[in-house]
K.L.:
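Questions regarding the structure given below will be posed in turn.
These numbers come from a predicted model, not from an experiment. Every chain is numbered from 1 and lettered A, B, ... according to where its sequence line falls, protein lines coming before strand lines.
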Amino acid sequence: MTLLETTLRVNGTSRRLEIDPRATLLDALRERLGLMGTKKGCDRGECGACTVHVNGRRVLSCMTLAAMHEGDEITTIEGLAREGTLHPVQQAFIEHDALQCGYCTSGQIMSAVACVREGHAGDEDEIREWMSGNLCRCGAYPNIVAAVAAAAQVMEQHAPI
Amino acid sequence: MISVLAPPSRAIGVPHERLDGKEKVSGRACYAADTPAERLAYGVFALANIPRGRIAQLDVGRAEHAAGVLRIFTHENMPRLNPVSSPPAGQSLLPLQSDRIAYEGQPIALAVAATLEQAAHAASLVRAEYEREPFNVDFRTQLERAVEGQSFFESDTRVGDVERELAQAPIRIAQRYRTADRHHCAMEPSATVARWENGSLTLDDATQYVWGVRMAVAQALDIAPERVRVRSSYAGGGFGSKGYVWPHQVLTAAAARELERPLKVVLTRAQAFTAHGYQTASEQALDIGAERDGTLRAVRATSINPTSRFDDYVEYCALSARSLYAAPAIETRHRVVHVDRSTPTPMRAPHDGVAMVGLEIAMDELAYEAGIDSLELRLRNYAQRDPTTGKPFSSKELRACYRLAAERFGWSGRNPRPGAMREGRVRIGWGMATALMGTFRMPASARVTVESDGRVLIEAGTQEIGTGVRTIMPQIAADVLGVPIEQVRIALGDTTLPETGGTFGSSTTMSVGSAVLDAATRLRDELRELGAHEDEDLGAVLSRSGRTSLSADGAWSPGEEGDFSMHTFGAVFAEVRVDEDLPIPRVSRVVGAYSAGRIINPTTARSQIQGGMVWGIGQALLEESSMDPTLGRYLSKNLAGYLVPANADVPELEVIFAEEVDAHASPLGAKGIGELGAVGVAPAIANAVFHATGVRVRELPIRLEMLLA
Ligand code: FES
Ligand code: FES
């Protein structure tokens with residue numbers, strides 16, 4: 001398989017890679033760039049563990065090929081905190097105990113940030129619906145909803161984040 | 001101020017946020033598949049697609065010549081390994097050791113290549129021809145072949161004259177109840193990274209039991225256990241699937257030894273369905289005799305479950321009937337049917353979590369038959385002692401649970417008539433059930449050290465799989481030493497640390513917690529001997545006595561169960577809403593109150609119980625691994641076909657803990673809660689569905705078509 005030369009811009013840094021055209025964005029982030037915060041739960045678009053932001057929108061990184069993202073602005077969980085300060089969603093997840101094993105958490109948080117920005121965090125029912133693409137087998141859902149609702153308020157006050 | 005003799009800081013019992021929360025929310029927590037390694041190779045399994053037969057021919061030529069391929073391991077070139085007994089192995093059959101195929105999804109090859117893409121492609125090129133043999137994967141078609149299985153509890157128990165009591169009982173409920181095959185579906189697929197150096201192996205593994213992995217791998221590979229180090233600093237859930245040791249761990253270690261190169265194998269989601277067990281379906285028969293006032297005269301509970309041809313796994317689905325309700329005559333019996341599938345394994349909540357489905361729906365049927373409120377029926381049959389063994393319970397606050405949960409739920413406002421409560425086109429149902437879960441305790445050891453800066457380090461090999469052990473153990477040590485919890489950290493998940501049991505059976509807080517308590521108490525005593533006094537900084541105590549650190553080892557062992565029957569309990573109330581025309585049941589509210597000993601951290605405990613409740617919702621309404629009986633395989637080996645609850649399936653879940661200290665269960669007074677929350681929820685929902693619709697469903701999961709009149 002001929003390798004493709006691709007530049008991936010992740011968390012504000014550009015990296016030139018020779019990449020297998022079959023490599024998903026998820027596998028490229030993890031196995032090539034060593035960004036292990038983004039998780040693989042299914043590799044088939046069913047669980048949301050691999051959620052990242054591409055040009056500000058939430059995307060399942062297992063469902064898209066790395067080579068298609070030349071020039072895109074990619075943000076992963078590692079790029080969410082600013083100068084060591086946790087993002088309000090990250091902070092809210094700790095305060096509301098919105099995680100147990102933590103394996104779905106990166107994806108939940110990336111989804112939650114987008115969910116709030118999209119304007120889909122109006123009330124608890126709306127949050128439940130728009131966070132349903134991210135499975136949590138530990139069953140932290142009630143606390144995830146509480147965390148997203150709380151973070152939405154903080155984000156509104158400090159917009160834009 | 002850090003002080004050793006100050007009054008307890010009272011960390012135990014106080015809500016505390018997770019000390020590992022920051023690592024988890026920032027993507028820094030390192031799970032097995034995240035382990036970095038130089039020259040890492042990737043392995044991907046190819047699986048058999050028939051359930052039974054022999055490999056007649058295996059064509060690996062194309063796979064071997066694919067780009068980047070380092071080796072294709074098959075039964076022809078994988079070294080012969082020692083058999084490992086089950087447990088610690090999850091199943092006794094180890095693939096890649098012969099040409100026999102005993103279940104669909106059994107590995108037939110392990111393709112290893114320089115990159116993940118290359119390995120996956122090579123695995124897809126492996127071709128097998130089989131000599132097929134007749135098979136049967138469906139135990140329900142051969143219940144008459146059920147036999148007694150060998151396992152860790154008694155198969156059968158009997159007290160009183162069940163036959164006579166049943167014959168004389170004016171009310172009789174005799175029904176069959178069914179639960180479905182289910183899968184753990186931990187969000188983290190099992191993963192292992194094997195590295196050999198000078199004849200010693202390090203395995204970074206997604207496991208609930210590092211010592212079990214060490215034991216099994218050492219035995220299989222014929223090396224001394226001391227040459228195997230197993231680590232698991234974070235595991236992404238397990239729920240039983242990572243409790244025992246399964247073929248992928250052993251085979252990865254063996255392949256890495258052959259390759260002389262670090263090897264990473266991460267199972268795919270599809271492979272997870274046949275790689276590490278499942279919760280068996282059950283066929284439960286309940287025969288209950290009662291007086292007109294609901295007082296039980298006899299309970300006969302019989303359960304049959306499938307297991308593999310090569311191992312007996314008994315799901316004890318009549319277990320709860322032995323201990324839950326007072327009755328003069330109780331008989332229980334367990335049988336298994338051997339089928340052409342892989343070996344089942346415990347899954348949150350094993351045994352009682354499945355058993356309570358039949359028993360608690362049957363009790364609801366009895367309540368309606370006798371015309372008694374469901375809660376009142378439970379109270380009338382409340383067991384003061386274990387009705388089978390006659391022993392007192394080590395502690396039991398179930399009566400308080402019934403009261404607390406019923407009040408919070410508003411149970412007294414229930415009109416018991418089915419279909420009586422509605423809101424427009426939506427029928428509302430209220431149902432309840434009891435929860436009971438057996439208590440499992442294991443020996444554990446721990447070390448607690450004060451360092452020169454006054455910080456405290458706990459060392460215990462136990463695993464963090466989401467239960468909060470990185471927070472709970474520091475709470476315990478902080479209380480004993482009188483230091484703030486922020487001063488305490490724990491090193492865990494490593495066979496070089498003091499040995500503990502596995503993270504299963506809801507046993508960690510009791511077992512490891514008691515060992516930490518012991519070690520911290522010894523350390524406190526030693527500090528006192530050094531003349532430590534109130535409000536004195538621990539670091540200052542050390543430097544005064546010319547030391548850079550001070551350690552104490554502690555241990556705990558449960559000893560004999562002895563004179564007590566040990567369980568945790570709960571009372572669960574659920575509300576469902578069912579549309580008149582499109583009767584998809586939706587859970588709108590669950591309230592549970594629990595009797596589970598002393599609660600060390602109410603924050604993580606509440607989360608864990610809520611998580612269990614979510615499992616109950618899945619069990620009641622969603623989860624089922626259906627098999628195609630003609631192909632002998634699962635229909636949906638994915639999370640689109642196997643439905644686990646999503647956020648929108650889960651309503652508000654209220655958790656109440658009854659005040660309780662169980663001094664007999666552990667010196668901490670604590671018991672286990674990891675599984676309890678998953679018990680009782682499904683039958684409460686099934687009973688609520690009956691209340692809403694008048695349709696009595698005796699099979700889980702409840703599907704829309706069962707409710708179409
Ligand atoms: S790993 Fe991408 S959706 Fe599951
Ligand atoms: S926290 Fe474990 S899967 Fe969500």
Side-chain angles (χ1 to χ4, degrees), chain A residues 1 20-24 27 30-31 34-47 49 76-78 80-81 86-87 89-91 93-95 97-107 109 124-125 127-145, chain B residues 17-18 20-31 33-34 36 42 67 115-118 120-121 184-189 234-239 266 268-269 464-468 603-604 606-608 610-615 638-640 644-653 677:
Chain A
M1 194 74 51
D20 191 312
R22 299 168 296 193
T24 62
D27 287 333
R30 289 180 52 82
E31 308 298 341
L35 293 169
M36 294 295 187
T38 307
K39 302 299 184 208
K40 184 186 286 188
C42 68
D43 214 17
R44 295 178 51 132
E46 295 158 356
C47 76
T76 69
I77 188 75
E78 290 94 343
L80 210 53
L86 294 179
H87 187 281
V89 173
Q90 291 172 306
Q91 193 58 44
F93 266 60
I94 297 177
E95 280 164 17
D97 205 37
L99 52 93
Q100 291 178 37
C101 77
Y103 196 79
C104 72
T105 307
S106 303
I109 289 172
E124 296 205 336
D125 276 341
I127 293 170
R128 283 192 184 99
E129 212 49 62
W130 287 87
M131 287 299 293
S132 275
N134 289 80
L135 298 178
C136 174
R137 188 54 159 164
C138 294
Y141 297 127
N143 293 353
I144 291 172
V145 173
Chain B
E17 70 187 28
R18 271 168 221 267
D20 55 8
K22 196 163 179 188
E23 303 221 285
K24 285 173 175 171
V25 301
S26 53
R28 287 204 313 266
C30 186
Y31 300 80
D34 306 342
Y42 295 79
T115 72
L116 178 57
E117 291 78 23
Q118 290 166 338
H121 181 59
H184 310 76
C185 297
M187 291 316 302
E188 177 198 32
Y234 286 96
F239 315 111
V266 182
T268 67
R269 181 54 62 187
E464 160 57 16
I465 66 169
T467 55
T603 302
T604 54
R606 176 174 167 271
S607 295
Q608 217 178 356
Q610 285 182 331
M613 288 174 162
V614 172
W615 276 65
N638 53 63
L639 297 172
V644 303
N647 204 324
D649 294 315
V650 178
E652 202 182 314
L653 307 173

K.L.:
Does any heavy atom of chain B fall under 4.5 Å from the side chain of A:Gln91, the backbone, both, or neither of them?
P.N.:
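Contact with chain B involves no heavy atom of A:Gln91 at all.
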
K.L.:
Between B:Asp34 and A:Arg30, is any pair of side-chain heavy atoms under 4.5 Å apart?
P.N.:
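The answer is yes, as the side chains (C-beta and beyond) meet within the 4.5 Å cut-off.
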
K.L.:
Would you please name every residue forming a ring pair (Phe, Tyr, Trp, His ring centres under 6.0 Å) with A:Tyr141, sequence neighbours left out?
P.N.:
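Applying ring pair (Phe, Tyr, Trp, His ring centres under 6.0 Å) to A:Tyr141 gives none.
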
K.L.:
Pick whichever of B:Ala640, B:Gly238, B:Gly237 has the most heavy-atom pairs under 4.5 Å with chain A.
P.N.:
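Among the listed options, the one with the most contacts to chain A is B:Ala640.
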
K.L.:
Against chain B, label A:Ile144 side chain, backbone, both or neither, depending on which of its atoms sit under 4.5 Å from a heavy atom there.
P.N.:
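Answer is side chain: those atoms of A:Ile144 sit under 4.5 Å from chain B.
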
K.L.:
Need one label for B:Ser607: side chain, backbone, both or neither, based on atoms under 4.5 Å from any heavy atom in chain A.
P.N.:
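Both backbone and side chain of B:Ser607 come within 4.5 Å of chain A.
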
K.L.:
What distance separates B:Gln610 CD from A:Asn143 CG, expressed to the nearest 0.5 Å?
P.N.:
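Rounded to the nearest 0.5 Å, the CD-CG separation comes to 5.0 Å.
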
K.L.:
With chain A as the partner, which of B:Asn638, B:Val266, B:Asp20 has the greatest number of non-hydrogen pairs under 4.5 Å?
P.N.:
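The residue among B:Asn638, B:Val266, B:Asp20 with the greatest pair count is B:Asn638.
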
K.L.:
At their closest point, which heavy atom of B:Met187 faces which heavy atom of A:Arg137, and how far apart are they?
P.N.:
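Looks like CG-N, 3.6 Å.
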
K.L.:
Against chain B, label A:Ala23 side chain, backbone, both or neither, depending on which of its atoms sit under 4.5 Å from a heavy atom there.
P.N.:
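For A:Ala23, the contact with chain B is made by backbone and side chain together.
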
K.L.:
Locate the shortest heavy-atom distance separating A:Gly41 from B:Pro189; write the atom from each residue and the value.
P.N.:
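Here A:Gly41 and B:Pro189 meet closest at O-CG, 3.9 Å.
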
K.L.:
For chain B, which of A:Glu31, A:Arg44, A:Lys40 has the most heavy-atom pairs under 4.5 Å?
P.N.:
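Counting heavy-atom pairs under 4.5 Å, the top option is A:Glu31.
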
K.L.:
Could you walk me through whether A:His87 and B:Val25 pass side chain to side chain contact (heavy atoms under 4.5 Å, CB included), step by step?
P.N.:
CA-CA 10 Å; A:His87 187 281; B:Val25 301; over 6 Å; no

K.L.:
Classify the side-chain pair B:Thr115/A:Asp20 by whether it contains a donor and acceptor separated by less than 3.5 Å.
P.N.:
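No, no side-chain donor-acceptor contact under 3.5 Å.
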
K.L.:
Counting heavy-atom pairs under 4.5 Å with chain B, which one of A:Gly139, A:Cys136, A:Ala49, A:Ala140 comes out on top?
P.N.:
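Of A:Gly139, A:Cys136, A:Ala49, A:Ala140, A:Gly139 has the most heavy-atom pairs under 4.5 Å with chain B.
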
K.L.:
So, are A:Asp97 and B:Arg18 salt-bridged, with charged N and O less than 4.0 Å apart?
P.N.:
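Result for this pair is yes, salt bridge flagged.
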
K.L.:
Test your reading of the model: is there a side-chain donor-acceptor pair from A:Arg22 to the backbone of B:His121, 3.5 Å cut-off?
P.N.:
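Absent.
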
K.L.:
Select, from B:Gln118, B:Glu464, B:His184, the one with the greatest count of heavy-atom pairs under 4.5 Å involving chain A.
P.N.:
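Winner by heavy-atom pair count: B:His184.
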
K.L.:
What part of B:Thr604 lies closer than 4.5 angstrom to a heavy atom of chain A: side chain, backbone, both or neither?
P.N.:
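Both parts, heavy atoms under 4.5 Å.
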
K.L.:
Please rank A:Gly37, A:Pro142, A:Ser106 by heavy-atom pairs under 4.5 Å with chain B and give me the top one.
P.N.:
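Winner by heavy-atom pair count: A:Pro142.
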
K.L.:
The test is side chain to side chain contact (heavy atoms under 4.5 Å, CB included); show your working for B:Asn647 and A:Val145 and say whether it passes.
P.N.:
CA-CA 8 Å; B:Asn647 204 324; A:Val145 173; 3.3 Å; yes

K.L.:
Looking at A:Glu46 and B:Leu639, would you say the former's side chain and the latter's main chain have a donor-acceptor pair under 3.5 Å?
P.N.:
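Judged by distance alone, yes, a pair lies under 3.5 Å.
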
K.L.:
Search all heavy atoms of A:Tyr103 against all heavy atoms of B:Tyr31 and return the closest pair with its distance.
P.N.:
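Minimum heavy-atom separation between A:Tyr103 and B:Tyr31: N-OH, 3.5 Å.
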
K.L.:
Name the member of B:Ala648, B:Pro651, B:Gly236 that forms the most heavy-atom pairs with chain A at distances under 4.5 Å.
P.N.:
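Most heavy-atom pairs within the cutoff with chain A belong to B:Ala648.
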
K.L.:
Taking A:Ile109, A:Leu135, A:Thr24 one by one, which has the highest count of heavy-atom pairs under 4.5 Å against chain B?
P.N.:
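Among A:Ile109, A:Leu135, A:Thr24, the one with the most close pairs to chain B is A:Leu135.
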
K.L.:
With a 4.5 Å heavy-atom cut-off, do B:Arg269 and A:Asp43 have their side chains touching?
P.N.:
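They are not in contact (no side-chain heavy atoms under 4.5 Å apart), so the answer is no.
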
K.L.:
Is the backbone of B:Val650 close enough, under 3.5 Å, to the side chain of A:Arg128 for a donor and an acceptor to pair up by distance?
P.N.:
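Indeed, once roles are kept as given, a pair shorter than 3.5 Å links the two residues.
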
K.L.:
Do you know the tightest heavy-atom contact between A:Ile77 and B:Ser26?
P.N.:
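The answer is CG1-C, 3.9 Å.
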
K.L.:
Grab the two heavy atoms, one from B:Ala235 and one from A:Cys101, that are nearest each other, plus how far apart they are.
P.N.:
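Scanning both residues completely, I find the closest heavy atoms to be O-CB, 3.6 Å.
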
